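Heads up, the thing below is written out as structure tokens.
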Amino acid sequence: MDLKKSLQEDIQEGIKRIYAWDRSRIELQKTKSDFSGDYTLVLFPLVKILKKNLEEIALSLGEYLVSNSEFVSGYSHIKGFLNLSIKDHFLLENVRFVAQQLDEVQKKNETIMVEYSSPNTNKPLHLGHIRNNLLGYSLANILEENGYKVIKTQIINDRGVHICKSMWAWEKFGEGKTPESTQTKGDKLVGDFYVMFDKKYKEEIKELKEQGIPEERARKEAPSILEVQKMLLGWENGDEKVRALWEKMNRWVYLGFDVTYKRLGVNFDQVQYESTTYILGKDIIEEGIKKGVFYKKSDGSVWVDLSEEGLDEKLLLRSDGTSVYITQDLGTAVERFKRNSIDRLIYTVGNEQDYHFQVLFGVLKKLGYSWAGQLYHLSYGMVELPEGKMKSREGNVVDADDLMQQMYNIAKEKARELGKLDTLSPEEKRKSYETVGLGALKYFMLKVEPRKKMLFDPEESIDFNGNTGPFIQYAYARIQSLISKVDFSYDDFPQSIKLNPYERDLIYLLSIYKETLTKAADSLNPAHMANYVYDLVKSYNAFYQNNPILSVEDISRKKMRLYLSNLTAKTIKKSLALLGIQTVDRM
């Protein structure tokens, strides 16, 4: 029995019988802890519909429910809120229903593709990529748990001027260095040369400015950038030497990325490469020119006019024929819908690209693709450090690998201070440090609404008190320790116990797991699951601190409290898994 749904039906029936109105929208929420009751009906929306005052609606509906609903034992009305108390045995019966439904997934006839990560092959993954990957991966998990078929994908930005900058610097300053010869991860080595290019480029601009050349012109005429542009043109024209260097350096980066993804715990079902999709994009642009959707300027560049869509003119192809980002994005989108039977495509990309995706979606609609309205940009705020914004060109970034290792080290230090893992083997300790450290990182990233900019503080994220991953993982470990001390049948669940406020509160939170899961999927917002599991742990801690479990003499109550503890642990583990976070039995 779904208690909340059944109660909603009883309320709707009451409104129909009393006021002859059967199209009311019922908003039920948890009763605030300051008041008596389990569920609260918000009455304000009914005042306008029923044309009655709050007191009259509350009194008539409350009396009706007490007399006619088998669930309601009493009610109170506080300033537009009708608080309903539920009979104990129905709350207990609902616990069984919740436990049975926990692992059930209702399959939906819809396939959703979720894109995330999509890095450039000129640098290693950094803190910003971590938020991107965690958002996309957890969203994919949440959608899948809601019954959707999900395809996780990324597009590797493996070509373009930024890639050529690293290649040029390696040719000039690399002296044949490789990941093996330098004992360096390939993506880090390539990233070092990207920083070297920027340093050289700035030196050249400074020299030109000292010769009296304006900065804007100096930026265009600096020798290094001219050579990089020549290299990019050579790449697009199939120059064998340029292509060989490109393939070699990209291989280094891919191997480095794989190591980072594995430790972060994310994966992909499909991977595309811009070096392929940009060609498809060029074909689409040619088609758009023929249809009159796009136009050429006198210098040969190709543009689209989106002024009717509230945007402006957008460059699609440079005058020398080389592509821009949107060129390959057009090809990527079209290829995805050709290769897959998908109903929706979600792009997990930072909010600095909001305008880009407005343009991309607008261009695809102008081209007449029927699925253009099924595209969604999951825009998220940037991650900043206490010292400010990161800049890859200057090497001022928090490297993803370094950050994960830092989290591991902090978790190790904290565990040693507490001294609770002394009896574990070295391998068990290592696994615990990894799980707690990365759990802290992931939870800190995902508890924040995606659209909000966030400040990441490693020390704050791994605090064992407050709204953190370790706080939640510790509650799970505490429950595992508790239930390991007893042996009883969870099937023998009592149905006739008078519940106290702590038990009722915990039962309510356990009952809304599925509701929260649906909310997270519908809003494309993993923060709902993160904050739900935090609230669940807070409720369990209050329950645990105020209710003896193993020492309680009433056997039925002991079984009930153990059952609630076990179900709480399962719900914590399941909620964390959706966020990509593991649990440990000891902390």
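Not measured: the values here are computed from a predicted model.
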Do other residues, nucleotides or ligands put more than 12 heavy atoms under 6.0 Å from Arg339 CZ? yes
Measure the CD-CD1 distance between Glu274 and Ile155 for me, rounded to the nearest 0.5 Å. 5.5 Å
Check: Lys123 and Val190 side chains under 4.5 Å, non-hydrogen atoms: no
Is it true that Lys538 and Asp535 have a side-chain N and a carboxylate O under 4.0 angstrom from each other? yes
Taking all heavy atoms of Leu576 and all of Gln473, pick out the closest pair and write down the distance. CD1-CG, 4.2 Å
Close side-chain approach of Leu506 to Leu536, heavy-atom, < 4.5 Å: yes
Under a 4.5 Å cut-off applied to non-hydrogen side-chain atoms, are Asp269 and Thr153 in contact? no
Hey, are Lys185 and Asp401 close enough for a salt bridge, meaning a charged N less than 4.0 Å from a carboxylate O? yes
List for me each residue that meets ring-ring contact (aromatic ring centres under 6.0 Å, His included) alongside Phe268, sequence neighbours excluded, and say none if there are none. Tyr116, Tyr261
Between Glu215 and Arg219 (salt bridge meaning N to carboxylate O under 4.0 Å), is one present in this structure? yes
Please give me the minimum heavy-atom distance between Ala530 and Val533, naming the atom from each residue. O-CG1, 3.2 Å
Mind jotting down which residue pairs meet the side-chain hydrogen bond (donor to acceptor under 3.5 Å, both in side chains) criterion with at least one end in residues 437-449? Sequence neighbours excluded, please. Tyr443-Asn467, Glu449-Asn525
Could you tell me if the side chain of Ile346 sits less than 4.5 Å from the side chain of Glu115, heavy atoms only? no
Take Phe357 and Tyr347 through the test ring-ring contact (aromatic ring centres under 6.0 Å, His included) and record every step on the way to the result. CA-CA 9 Å; Phe357 280 99; Tyr347 295 86; 4.9 Å; yes
Under 3.5 Å, side chain of Thr184 to main-chain N/O of Thr182, donor-acceptor pair present? yes
Before you tell me yes or no, could you show the steps for Arg586 and Ser481 under side-chain contact (heavy atoms from CB on, under 4.5 Å), namely the whole-Å CA-CA distance, both residues' side-chain angles and the distance that decides it to 0.1 Å? CA-CA 8 Å; Arg586 287 190 59 187; Ser481 175; over 6 Å; no
Please examine the side chains of Leu127 and Phe456, heavy atoms only from C-beta on, and report whether any two atoms are closer than 4.5 Å. yes
With a sphere of 6.0 Å drawn around NZ of Lys429, does it hold more than 12 non-hydrogen atoms of other residues, nucleotides or ligands? yes
Flag side-chain contact, heavy atom, 4.5 Å: Ile472 against Tyr534: yes
Answer yes or no: does atom CD of Gln106 have more than 12 heavy-atom neighbours from other residues, nucleotides or ligands under 6.0 Å? no
Check whether the ring centres of Phe464 and Phe471 lie less than 6.0 Å apart, and answer yes or no. no
Sidechain N-carboxylate O distance under 4.0 Å for Asp34, Lys32: no
Given side chains that start at C-beta, do those of Thr121 and Asn157 come closer than 4.5 Å, heavy atoms only? no
Give a yes or no on this: more than 12 heavy atoms of other residues, nucleotides or ligands lie within 6.0 Å of atom NZ of Lys573. no
What's the shortest heavy-atom distance between Gly136 and Val114, and which atoms? O-CG1, 3.8 Å
Minimum side-chain heavy-atom gap Val448-Arg131 below 4.5 Å: yes
Could you list all the salt bridge (charged side-chain N to carboxylate O under 4.0 Å, His left out) pairs where at least one residue sits in residues 137-154, not counting sequence neighbours? Glu145-Lys574
Test: Asp198 and Lys202 ion pair at under 4.0 Å: yes
Is it true that Lys414 and Glu417 have a side-chain N and a carboxylate O under 4.0 angstrom from each other? no
Note: Glu434-Arg263 ion pair, threshold 4.0 Å (strictly below): yes
